[in-house]
Amino acid sequence: MDTQAKTKVEEKRKTKIRVSGAEAIVRSLLEEGTDLMFGYIGGAIMPIYDVLYSYQDRLQHVMVRHEQGAMHAAQAYARISKKPGVCMSTSGPGATNLITGLADAMLDSTPMVCITGQVGSGLLGSDAFQETDVVGVSMPVTKWNFQITKAEEIPEAVAKAFFIARSGRPGPVLLDITKDAQFAELDYSYEKITQIRSYIPYPKLNLNAVSQAAEIINAAKKPFVLVGQGVLLSGAQKEFKEFVEKAEIPVGSTLLGLSAFPSNHSLFTGMLGMHGNYAPNINTNECDVLIAIGMRFDDRVTGNLKTYATQAKIIHIDLDNAEIDKNVKTDVAIVADAKQALQSLIPLVNSNTHKEWIESFSELRKVEIEKVINKDCNPTSGAIKMGEVINKLSEKTNGEAIIVTDVGQHQMASARYYQFNKTQSLVTSGGLGTMGFGLPASVGAQIAAGDKRDVYAFIGDGGFQMTIQELGTISQLNLNVKIILLNNNFLGMVRQWQDMFNEKRYAYTELTNPDFITIAKGFGIEGKTISNREDIDKTLNDLITHKGPFLLEVKVEKEANVFPMVPAGGTVSEMILE
């Protein structure tokens with residue numbers, strides 16, 4: 001930057017205007033590139049909303065029907081747009097209603113900036129109306145939080161919040177702002193933050209570790225790579241594909257890693273974990289080198305740690321040093337952003353072939369096709385299966401749509417039977433497993449996607465009723481969200497455990513459901529129910545071509561189980577196939 005340009009930057013920094021704290025919040029959001037936010041108005045946050053009214057042409061606000069809905073919508077928006085999700089709520093119950101979403105975003109590394117109103121600073125600690133210590137309550141489920149009690153603190157706090165949320169391993173941050181700080185005035189200027197003392201979001205890459213990893217990979221006879229969400233978060237899809245193709249290494253994916261690598265690629269072997277595919281799970285305990293990239297060895301992936309990949313040398317690439325050796329002991333750890341690590345690793349890896357090893361995955365896949373997949377996707381009698389609906393939609397959309405799911409059996413079936421052939425295509429609750437996530441998440445996903453991609457939300461009847469009020473948001477915005485309600489009149493995943501491990505004692509898992517189509521029509525949303533296999537094809541065609549929101553309720557088999565399954569506490573090589 002030349003001297004003249006530097007002078008102009010300095011002059012801009014020194015230029016100050018007199019504004020209220022509420023306006024400083026809005027201006028700061030705009031400075032960080034925010035053009036959309038989600039929220040729910042209330043007394044303690046009203047000053048900011050009053051200012052926001054004058055900025056509608058620059059900053060769109062989506063008024064949801066519940067604060068939890070704002071969080072899940074913002075999470076999905078962040079996942080698809082690659083920008084931090086922003087949401088806002090009032091104090092007390094409004095703020096505490098954000099906690100589930102904060103915990104979800106924390107576990108799934110989703111960048112979020114949340115702003116909550118608070119009682120006046122003079123009332124703090126007095127048990128005033130709708131006062132809650134939201135900073136204390138949210139501390140365990142945020143990457144950083146801060147209470148603003150003076151208007152002068154706003155610009156720096158917002159700049160710091162965005163920097164922390166989006167840098168390094170992303171995560172949610174929360175700013176709690178007292179009402180008097182919103183009313184008070186300050187001399188406003190804004191400067192983005194690019195570093196914070198003692199905070200090192202991107203550690204220096206250890207090239208010796210990269211060389212050691214390359215040596216192990218080059219000597220491997222049966223290498224296997226696990227792709228996690230870290231590849232998506234770092235934008236390393238291209239580098240990852242180049243790496244595995246050069247070394248010809250089969251790929252298994254975590255739930256959140258799905259769509260980082262095309263499902264139709266010859267090296268893709270399927271999803272890992274409790275309800276994952278048979279071949280990648282079995283061969284985890286057969287490989288000689290296991291390369292984990294951007295994943296944290298979650299218990300749903302590993303099963304019993306004492307028997308997990310004990311025969312293999314472990315290479316773990318992750319940005320967060322806290323994940324290294326936390327669950328699985330590594331032989332080589334590369335603490336770095338996935339993209340940076342792969343860029344350094346690719347030149348050191350030899351071109352290779354592992355024909356027999358790759359063929360072993362194909363043989364195991366044949367077993368799963370016979371015992372599980374054909375029964376789920378190509379049944380000839382009985383009630384409709386979840387798998388056949390999901391598989392049929394995948395075929396009709398070429399695996400290129402954005403799929404949003406809630407949590408439960410339908411989530412696992414969606415992960416298994418939708419072919420994610422286009423990147424950045426799955427929005428689901430991974431680490432926390434939040435029922436009620438799907439419907440509000442479809443709001444954020446569709447807004448982020450716009451007219452570029454279609455959004456389909458697979459939701460179970462249990463989770464649907466947890467946030468069903470967000471049909472109001474979808475209707476008001478006339479969002480082109482296609483909801484596929486897979487209704488089995490059960491809390492299906494819990495019922496499956498009761499079936500398999502509690503001798504079919506279905507304690508409090510059967511549901512007496514309402515007329516969902518009538519409810520949707522009450523919100524002005526068209527809908528249809530099907531229960532016959534013969535109606536699936538035409539109805540999905542109608543759903544795909546429909547403009548605007550639509551609810552398709554599919555009455556599916558009531559007591560179907562999702563297989564394969566690794567029993568809780570079991571080893572990945574002990575998968576139950578039927």
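Atom set for the values below is all heavy atoms of this structure, side chains included, hydrogens, waters and symmetry mates excluded. Position 1 is the first residue of the sequence; numbering continues from there. Computed from a predicted model, the values in this text were never measured in an experiment.
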*Taking only residues two or more places apart in sequence or in another chain, which ones pass salt bridge (charged side-chain N to carboxylate O under 4.0 Å, His left out) with Lys538?*
Asp542
*asked:* I'd like to check the salt bridge (charged side-chain N to carboxylate O under 4.0 Å, His left out) partners of Asp35; sequence neighbours left out, ordered by chain and number.
replied: Lys83
*Distance in Å, Leu543 CG paired with Lys528 NZ, rounded so as to fall on 0.5 Å steps*: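 So the gap between those two atoms works out to 10.5 Å.
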*Starting at CG of Leu59, measure out to OH of Tyr53 and round the result to the nearest 0.5 Å.*
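One gets 15.0 Å once the value is rounded to the nearest 0.5 Å.
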Using only atom types and a distance under 3.5 Å, with no angle test, would you say the side chain of [X] pairs donor to acceptor with the backbone of [Y]?
X      : Y      : answer
Ser475 : Gly524 : no
Thr545 : Asn541 : yes
Asn421 : Asn398 : yes
Ser394 : Gln419 : yes
Asn487 : Val554 : no
Glu559 : Arg495 : no
Glu470 : Arg65  : yes

*Take Val26 and Ile48 through the side-chain contact (heavy atoms from CB on, under 4.5 Å) test and state the conclusion after the steps.*
CA-CA 7 Å; Val26 175; Ile48 296 176; 4.1 Å; yes
*Just wondering, more than 12 heavy atoms not from Gln56 lying within 6.0 Å of its CD?*
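Above 12, so yes.
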Between [X] and [Y]: side-chain donor-acceptor atoms closer than 3.5 Å:
X      : Y      : answer
Arg296 : Thr254 : no
Asn277 : Glu368 : yes
Thr405 : Thr428 : yes
Glu67  : Ser89  : no
Thr116 : Asp176 : yes
Thr423 : Gln237 : yes

Using every non-hydrogen atom in the two residues, find where [X] and [Y] come nearest and quote the distance to one decimal.
X      : Y      : result
Gly430 : Leu255 : CA-CD2, 4.2 Å
Thr380 : Arg533 : C-NH1, 4.1 Å
Lys555 : Glu553 : CE-OE2, 3.2 Å
Lys143 : Ile164 : NZ-O, 2.7 Å
Asp108 : Gln229 : O-NE2, 2.9 Å

*Could you go through the side-chain contact (heavy atoms from CB on, under 4.5 Å) check for Phe464 and Leu471 one step at a time?*
CA-CA 10 Å; Phe464 188 59; Leu471 287 174; 4.0 Å; yes
*Are the charged groups of Arg416 and Asp376 less than 4.0 angstrom apart, N to O?*
no
